[in-house]
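Just below is one structure, and these are the notes that go with it.
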Amino acid sequence: MDPPAVGEAVKRVIVALDPARRGDVDRLLDMARLVCGVGAGIKVGLPMLALGGSEALAEAARLCKGGGLRVLDLKLADIGYIMRLAAESLSRGFDAAIAHAFVGYEGGLVELKKTLDGLGARLVLVVSMSHPGSREVLDPCLDKLLAVARRVEPWGVVAPATRPEVVARVRETLPTTVILSPGVGAQGGKPGDAICLGGADYEIVGRMVAGSPDPVSALRGVAEYIAARCPEKLLHSSTGNGPS
Ligand code: NUP
């Protein structure tokens, strides 16, 4: 059996399943079932939609049913009406959907949130991103984006595992909002940076796990690394808003 902290850590890791070519779609869908039984859940987005169609999105959600969080990452950024149409046709079966905070409340995110509420899905807002270009526009506007998030009251926000100091700022401003942090592995963030240093609830890992010949072992490896870094954070969540 896993030590308790490893068991907790693995339930803090969401696996991003992003096919690079059409031939990857079925392999990643098989992986959805595997990793959902072990980790915190899965995230699928535009690559899965583009290469596998809306059927592949729905199948990913179905395969993971009962096994963890199913996050739809289309990073919606449009007027409320269009985001509503997209959410109504694509987010069924998902537990959460990601949109950009910069869209704003009036006529935008307020409508998306209402739509997702009706579908039984939760809203997650991007307030900062994991790539270096986030420093150009998003990060100088972080306070404003956090103000939007305070107004919209989403279930979760996205903040970068590649810059744990940004995650910490987000945690300070939104003490009870779930933080999901991508950028671990392929983008340079170390497992545990976001959770242990920034106070994130979940780390999102894509290629480091999904690109491995043994994804379940890779996922466990990430969890062991996190657990070794901050076992106390995992066993006693400071925010109480971790996995439910
Ligand atoms: O800021 C973000 N950075 C990011 O990488 C917001 C995201 N949603 N993501 C997503 O996380 C990205 O779309 C991909 O699905 C995953 C990271 O994958 P990888 O770099 O670990 O392979």
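One-based numbering, in listed order, for ligands and for the atoms of each.
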| Same apolar cluster (I L V M F W Y, side chains within < 4.5 Å links), Leu46/Leu76 |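 Yes, Leu46 and Leu76 fall within the same hydrophobic cluster.
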Close N/O pairs between ligand 1 and protein, under 3.5 Å:
residue: ligand 1; atom: 1 (O); partner: Ser130; partner atom: N; Å: 2.9
residue: ligand 1; atom: 3 (N); partner: Ser130; partner atom: OG; Å: 2.6
residue: ligand 1; atom: 5 (O); partner: Ser130; partner atom: OG; Å: 3.4
residue: ligand 1; atom: 5 (O); partner: Gln187; partner atom: NE2; Å: 2.8
residue: ligand 1; atom: 8 (N); partner: Asp73; partner atom: OD2; Å: 2.8
residue: ligand 1; atom: 8 (N); partner: Lys75; partner atom: NZ; Å: 3.1
residue: ligand 1; atom: 13 (O); partner: Lys75; partner atom: NZ; Å: 3.4
residue: ligand 1; atom: 15 (O); partner: Asp18; partner atom: OD2; Å: 2.6
residue: ligand 1; atom: 15 (O); partner: Lys43; partner atom: NZ; Å: 2.7
residue: ligand 1; atom: 20 (O); partner: Gln187; partner atom: NE2; Å: 2.8
residue: ligand 1; atom: 20 (O); partner: Arg207; partner atom: NH2; Å: 2.7
residue: ligand 1; atom: 21 (O); partner: Gly206; partner atom: N; Å: 2.8
residue: ligand 1; atom: 22 (O); partner: Arg207; partner atom: N; Å: 2.7
residue: ligand 1; atom: 22 (O); partner: Arg207; partner atom: NE; Å: 2.7

| field | Which residues share a side chain to side chain donor-acceptor pair (under 3.5 Å) with Thr115, sequence neighbours left out | value |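 Partners of Thr115 by the side chain to side chain donor-acceptor pair (under 3.5 Å) criterion come out as none, since no residue qualifies.
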| query | Which residues satisfy the side chain to side chain donor-acceptor pair (under 3.5 Å) test with Lys113, sequence neighbours excluded? | reply |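 Lys113: no side chain to side chain donor-acceptor pair (under 3.5 Å) contacts found.
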| task | May I ask you to check whether Glu203 and Ser181 show a side-chain donor-acceptor distance below 3.5 Å? | result |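 No.
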| message | Taking disulfide bond (SG atoms under 2.5 Å apart) as the cut-off, I'd like each qualifying pair that reaches into residues 31-78, sequence neighbours left out, listed once. | response |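 The answer is Cys36-Cys64.
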| task | Could you tell me whether Arg151 atom CZ has more than 12 heavy atoms of other residues or ligands within 6.0 Å of it? | result |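 Above 12, so yes.
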